[in-house]
Amino acid sequence: MEETAQISPRLMKMNEQVVFSDAHFHLDLFDNPATVVADARKAGIGIMITAGSDAASNLRMLELCREDVYGVAGISPDFSSADFSRIGELAELVKMNRNIVGFGEIGLDATAIEKAGMEKQRAAFVMQLDIARELGVPVVVHARRALGAAMEILEKEEMERVVFHYFEGDEKEARIIERRGWLISVPPVESSRRKRAIKEVELDSLVVESDSPAVGRSPADVLFALERIALLKGISTDEVGERVTKTIKEYFYI
Ligand SMILES: [Zn+2]
């Protein structure tokens with residue numbers, strides 16, 4: 001065998017920057033969004049998707065979403081009572097800024113029923129799904145202790161592109177999600193149930209998120225989730241990162 005022949009794939013990678021992505025975080029909750037974005041870029045995070053939660057955070061998104069910072073706008077379960085009347089604005093936001101690429105975070109949260117009862121949460125969720133479907137944009141779903149109920153609604157509403165942010169389901173639910181062509185978003189927090197879910201599905205059904213500053217400290221914390229997936233799938237972190245970026249780009253038409 002000739003000795004001069006090939007550069008190893010690993011060495012090639014060192015020259016060509018691998019682009020990682022953060023499928024879900026909250027840029028508007030940081031004191032200094034510009035620094036957060038600059039630091040994330042230095043850490044190799046090329047694409048970031050910031051999520052709205054109430055009417056005010058959705059409006060802030062109009063300034064924050066530029067270059068490779070994308071956003072999803074939505075009224076979260078927490079605010080589905082307080083900001084119910086603002087749901088109608090969402091379609092306009094998506095049309096106003098080409099970097100607002102979908103709706104989120106929207107869904108059901110059984111731990112938030114003091115702020116908004118389940119009936120109100122359901123009504124806000126379904127109303128937003130209807131607009132998203134009409135516009136043909138994906139939705140980022142928050143389902144806390146209500147995954148089964150949220151999945152039932154999403155199926156009934158015939159939603160095609162759904163990302164389950166901070167997925168907390170098991171392997172059975174993961175399988176259903178994969179079959180429907182939806183995506184599981186893995187946060188930088190480990191659980192044995194999530195491990196089983198990750199093992200159960202193909203890499204193409206997985207994306208990663210920092211959910212910073214609420215869960216992770218910054219978008220760079222997606223590295224933790226990428227490393228866990230790499231370990232469970234027996235491939236390199238770079239490869240997982242590249243595949244996730246490709247999946248996000250395709251799913252959100254970025
Ligand atoms: Zn979040």
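Note that ligands are numbered from 1 as they come in the structure, with each ligand's atoms numbered from 1 the same way. Any value given below was found using the heavy atoms of this structure, including those in side chains, with hydrogens, waters and symmetry copies removed. By convention here, the first residue in the shown sequence is residue 1.
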Vertex the Zn ion (ligand 1), rays to OE2 in Glu105 and NE2 in His26 - rounded to 10°: 80°
Minimum heavy-atom distance between Ile176 and Met151, given as atom pair plus value: CG2-CE, 3.7 Å
Residue His24, metal the Zn ion (ligand 1), N/O/S under 2.8 Å: yes
Short N/O/S contact of Asp211 with the Zn ion (ligand 1) (below 2.8 Å): yes
Cation-pi geometry met for Arg86 and Phe84 (6.0 Å, 45°): no
Whether His24 and His165 hold their rings parallel, tilted or perpendicular, with breakpoints at 30° and 60°: parallel
Glu190 CD: over 12 foreign heavy atoms closer than 6.0 Å: yes
